[in-house]
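Structure record follows, encoded as structure tokens.
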Amino acid sequence: MPPEFTPVSRELYLLEQVHMALGSAHKLDDFYAIVVGLLVAPDMFGFSRAFIIRYDEGHGRFRGRIALGAQTETEHRLFHEDLRHEQDDLRRQIFELEKQSTEPAGIQQLYDLRYHSLWVQLLQGKEEGTTLNGRFQEVCLAADELTSDHLLNRLMQSPHSLQLTEGDAPITGLEQFLKFPLVGARLKTRRGLHGLLIADRSFENKPVDHTSLIAFQSLVNHASITLDNVELVEQLTENAQRTRELDRLKTNFLSIVSHELRTPLTSIIGFAKLLSSGTAGDVSPAQADMLKRVVNHSTHLQNMVNDVLEIAEVESGGFVNVNLQPVDALAVLWRVIPKMDSRKSSRDVIIEPLLSNHVPDIRCDPLALERIYFHLLDNAIKFIPHQGKVTVAFEQVEKHLEITIADTGIGIPPENLKRIFDHFYQVDYRLDRSYGGLGIGLTVIKLLLDATGGRLHVESAPGKGSKFTIRYLLA
Ligand code: ADP
């Protein structure tokens with residue numbers, strides 16, 4: 001014979017079961033089924049059937065009812081036999097834990113038992129609209145009948161579990177299902193009254209003892225917390241979906257706006273160049289100077305528009321078709337360096353590749369690597385206020401190649417390091433900041449790295465400089 005439940009082990013058993021209910025309840029319906037399942041566990045509470053009656057606070061009435069339990073005495077007995085085995089097992093384990101420790105068995109230890117309830121298995125296999133193992137029934141009654149029932153209303157008013165006996169009037173509409181004695185309690189969540197939990201003993205007519213009533217109340221408390229969590233998860237999921245949708249709309253918007261801006265910008269730059277070349281007539285030195293400024297500023301604007309378009313493109317999956325292949329990371333760097341010419345000369349910066357060893361090929365997408373280099377070098381140059389050096393070093397570390405782009409610029413304060421990859425985030429966000437940019441280069445880098453299997457590591461010291469190391473698997 002397994003040892004009897006002590007008050008502590010009973011509580012632990014309950015917690016463990018509720019923990020499992022929480023872990024496996026993805027929808028409210030799963031959750032109900034599991035809670036109800038707990039109620040009918042033999043020996044535990046001694047109830048054979050349980051009902052959850054939902055309360056619709058908006059309309060002030062009861063609705064949607066689920067009733068689960070054995071329909072006949074034979075089913076009730078069979079069901080108890082099934083569960084007795086697993087319960088005995090768990091009880092033995094709890095008993096062992098209690099024996100080993102002078103403290104009551106720790107909840108964590110109990111969870112570690114990784115005990116899988118037959119109930120949870122049964123319920124997880126449940127398909128919508130089917131009855132569990134044919135042993136359970138679902139009852140639906142007219143909401144109006146229930147709303148006027150004074151017993152339900154009494155349960156609703158009571159802060160504690162109540163035991164209702166033969167002397168109390170039957171619950172209207174449910175009398176054919178419920179048998180006395182029964183216990184009931186309200187399920188309250190942060191949102192308000194959720195419903196009522198009722199359990200009866202249809203196949204045994206013994207009174208509900210004090211311990212069972214306390215255990216029932218404890219279950220109801222745990223159930224309310226679990227329900228709160230389920231509601232919270234639902235709410236979070238809903239919010240996350242909404243945020244994703246808004247994010248998608250924003251990306252679409254950015255993409256459309258940048259496309260629209262690109263065409264007139266190309267014309268402005270093109271015609272300004274034509275004018276300054278003298279095609280449309282002689283150009284005075286003053287006019288040439290002005291046209292040069294028009295071209296420079298428009299090109300700067302064009303670069304920013306391209307950056308925005310790039311992020312929109314990568315975010316909307318435009319870069320999903322990456323073409324992973326062996327890539328010579330040094331050759332790609334040589335292709336990018338000339339593009340940095342105008343940027344680095346305006347700040348008196350030199351770029352110096354450090355080449356001590358042979359640079360092995362990596363597994364990457366050449367176009368993605370080009371864009372990663374471009375953004376990293378652009379930042380490295382941009383954040384050097386005047387005169388400085390950007391070095392690019394290559395190092396093979398076991399099966400990876402590490403490419404480190406280091407600058408002697410302003411550096412990044414440690415508290416900002418985590419956020420620099422966020423969209424539009426800039427350490428210096430003032431409008432009069434001297435470094436320009438839109439705060440999307442690193443976001444693009446992160447998306448490209450994710451798409452091509454690369455990693456990035458940043459080290460930085462304010463006032464001394466920053467080091468961005470990308471890491472790729474060798475080809
Ligand atoms: P942007 O450079 O357009 O502002 P990024 O997404 O590339 O946008 O970078 C985000 C922020 O991270 C920058 O605004 C800057 O504050 C910081 N940052 C990035 N690279 C460097 C660097 N090499 N040195 C100093 N700060 C940097």
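- In this structure, Lys250 pairs ionically with Asp247, as a charged nitrogen and a carboxylate oxygen lie closer than 4.0 Å.
- Screening Thr404, Ile403, Leu354 against Val392 for a side chain to side chain contact (heavy atoms under 4.5 Å, CB included) leaves a single residue, Ile403.
- Ser460 and Ser466 make their closest contact through OG-OG, 2.9 Å (heavy atoms, listed as atom of the first residue, atom of the second, distance).
- The salt bridge (charged side-chain N to carboxylate O under 4.0 Å, His left out) contacts involving residues 219-229 comprise Arg190-Asp228, where partners must be two or more places apart or lie in separate chains.
- Val327 has its side chain within reach of Leu369: a pair of non-hydrogen atoms, C-beta onward, lies under 4.5 Å apart.
- The heavy-atom pair separating Leu309 from Arg262 by the smallest distance is CD2-CZ, 3.3 Å.
- Listed by first then second residue, pairs satisfying salt bridge (charged side-chain N to carboxylate O under 4.0 Å, His left out) with a partner in residues 328-338 read Arg335-Glu370, not counting sequence neighbours.
- A donor-acceptor contact under 3.5 angstrom links the side chains of Asn221 and Gln217, judged on distance only.
- Taking 4.0 Å as the cut-off between side-chain N and carboxylate O, Arg248 and Glu245 count as a salt-bridged pair.
- Nearest approach of His400 to Leu473, heavy atoms of both residues: NE2-CD1, 3.1 Å.
- Contact detail for Pro462 and Pro414: the closest heavy-atom pair is CG-CD, 4.1 Å.
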**Prompt:** Going through the checks in order, is the side-chain contact (heavy atoms from CB on, under 4.5 Å) test met by Ile268 and Val295?
**Reply:** CA-CA 8 Å; Ile268 293 171; Val295 173; over 6 Å; no
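- Residues Ala368 and Leu448 approach most closely at O-CD1, 4.0 Å, considering heavy atoms.
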